[in-house]
Protein chains: 2
Amino acid sequence: MEKYEDNFESFLENFKNTVSKLGYKNSIQKDYILKILYFNDDHLSAEQIVAIAKTNYKVDMGIATVYRTVKFFEELNIVNSLDVGDGVKRYELNLSLHHDHMICTLCNKIIEFHDDVIEEQQKKVAKNSNFILKDHIMTIYGLCKDCQ
Amino acid sequence: MEKYEDNFESFLENFKNTVSKLGYKNSIQKDYILKILYFNDDHLSAEQIVAIAKTNYKVDMGIATVYRTVKFFEELNIVNSLDVGDGVKRYELNLSLHHDHMICTLCNKIIEFHDDVIEEQQKKVAKNSNFILKDHIMTIYGLCKDCQ
DNA sequence: TTTTATGCAAACATTTTGCAGTCAC
DNA sequence: GTGACTGCAAAATGTTTGCATAAAA
């Protein structure tokens, strides 16, 4: 717990420096959105971020700010957005190596995974089609352990 | 060309029988939406389907009808919807074996592909997580041959 | 003639935008 | 003090729904 706190603090410091260097301004909203994404390994919607800010941190935040901020984060490549298929975008911090998702069609739980074989094969497939791979998403739908 | 016509005609006949058997009613709207999806290997949005109906077939169709019809088709498993990430759902006929998509981030072209290695590996990954795989989507983003 | 399908418009949900005021630097 | 950021409300976007009419069986 303490360890994560520490990690987050340095991550936040680093991020704030980047923001300043780019000529943008820091704000408590940016801080809290990062904090919320950092300490919730869920994949959160804009509305959920507002709700968590309010209940867990007693911070009121306009939803427009959340949308603008996560878009800003996406451009800086520290946040990914993902489309579960229900018409609501969810956001996750882009800290670790690339990963994909398994989504339970019953309880909507999102499980992250990474597989090198698939990653490699994707590169081959792209190459075979003369396609320059920049990114990919892969989502497996099914039943999680608990819902079977 | 003639061959495809023939194929489509028998496909359509077959579909119409299914609709009748299930107690639903056939309509020219259903026919045209199928026809449009069949003869356009693009992945069409509801709005595009309405536009093509109007310009290519001189058929006016309400967009609500298109949404209802593609949902109906999805339930019968003859149409898949896909989320390119721009907030607009696109629809494709589900005729062939499973395939995935490469999307060019410049010209938005959609290229279909199928790869057995990836399919197999997905099964393994799911199994390792005690996850019962039902479906998956995989989309590769990058630059197509023409846009490089 | 009964039931489903259609088209329109209104409703809806999510996301974006304009603007006036606020805050960071 | 300047320029970016915020929050609100309005607008925009994509999709769904209610209802009266039309068409299929």
Side-chain angles (χ1 to χ4, degrees), chain A residues 12-13 15-36 43-51 53-54 57-76 79-91 108, chain B residues 12-13 15-36 43-54 57-76 78-91 108:
Chain A
L12 185 60
E13 271 325 297
F15 164 74
K16 284 180 159 185
N17 285 336
T18 309
V19 169
S20 299
K21 268 181 210 148
L22 291 170
Y24 299 110
K25 287 174 183 165
N26 287 294
S27 68
I28 56 160
Q29 287 83 355
K30 288 197 181 81
D31 294 358
Y32 274 105
I33 291 172
L34 276 188
K35 191 168 202 163
I36 288 166
H43 301 74
L44 302 173
S45 67
E47 219 162 324
Q48 288 176 308
I49 292 171
V50 171
K54 196 184 186 82
Y57 300 101
K58 314 290 174 214
V59 174
D60 278 308
M61 232 185 276
I63 196 151
T65 301
V66 175
Y67 279 113
R68 276 186 289 232
T69 305
V70 293
K71 183 166 286 180
F72 173 73
F73 288 167
E74 274 195 271
E75 279 156 15
L76 295 186
V79 158
N80 294 133
S81 74
L82 53 145
D83 223 311
V84 172
D86 62 351
V88 185
K89 273 189 186 158
R90 280 147 220 280
Y91 304 93
N108 289 315
Chain B
L12 184 60
E13 271 325 299
F15 163 75
K16 283 180 159 184
N17 285 336
T18 309
V19 169
S20 298
K21 268 182 209 146
L22 291 171
Y24 298 109
K25 289 172 181 170
N26 287 293
S27 68
I28 56 161
Q29 287 82 355
K30 287 197 182 79
D31 295 358
Y32 274 105
I33 291 172
L34 275 189
K35 191 168 202 163
I36 288 167
H43 301 76
L44 302 172
S45 67
E47 219 161 324
Q48 288 176 308
I49 292 172
V50 170
I52 293 175
K54 195 182 187 83
Y57 300 101
K58 314 289 172 212
V59 173
D60 278 307
M61 232 183 277
I63 196 150
T65 301
V66 175
Y67 279 113
R68 276 186 289 233
T69 306
V70 293
K71 183 166 286 181
F72 173 74
F73 288 166
E74 273 195 271
E75 279 156 15
L76 296 185
I78 60 169
V79 158
N80 294 132
S81 74
L82 55 144
D83 222 311
V84 173
D86 61 352
V88 186
K89 274 188 185 159
R90 279 145 220 282
Y91 305 93
N108 290 314

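A, B, ... follow the sequence lines: proteins, then strands. Residue 1 opens every chain.
- The side chain of B:Arg68 has D:dT17 as its nearest neighbour among D:dA25, D:dT17, C:dT14.
- When distances run from any side-chain atom of A:Lys30 to the nucleotides D:dT6, C:dA5, C:dC25, the shortest one goes to D:dT6.
- B:Asp31 has a carboxylate O that lies under 4.0 Å from a charged side-chain N of B:Lys16, or vice versa, which qualifies the two as a salt bridge.
- Looking at the side chain of A:Val88, the nearest of the listed nucleotides D:dC5, C:dT15, D:dA9 is C:dT15.
- Of all nucleotides listed (D:dT6, D:dT17, C:dT6), D:dT17 comes nearest to the side chain of B:Ala64.
- In this structure, of D:dA4, D:dG7, C:dT6, it is D:dG7 that holds the atom nearest to the side chain of A:Met61.
- No N or O donor and acceptor, one from the side chain of B:Lys89 and one from the base of D:dG14, sit under 3.5 Å apart.
- Between B:Lys71 and D:dT16 there is a side-chain polar atom (N or O) within less than 4.0 angstrom of OP1 or OP2.
- Looking at every heavy atom in both residues, A:Ala53 comes nearest to A:Met61 through CB-CE, 3.4 Å.
- Comparing A:Phe72 and B:Arg90 against DNA chain D, the residue whose closest nucleotide sits nearer the 5' end is A:Phe72.
- When distances are taken from the side chain of A:Ser20 to each of C:dT16, C:dC25, D:dC5, the shortest belongs to C:dC25.
- We find that A:Lys54 and A:Asp60 are joined by a salt bridge, their nearest charged nitrogen and carboxylate oxygen being less than 4.0 Å apart.
- Closest to the side chain of A:Lys25, from the set D:dT6, C:dT6, C:dA24, is C:dA24.
- Within the 6.0 Å centre-distance limit, the rings of B:Phe73 and B:Phe15 are counted as a close aromatic pair.
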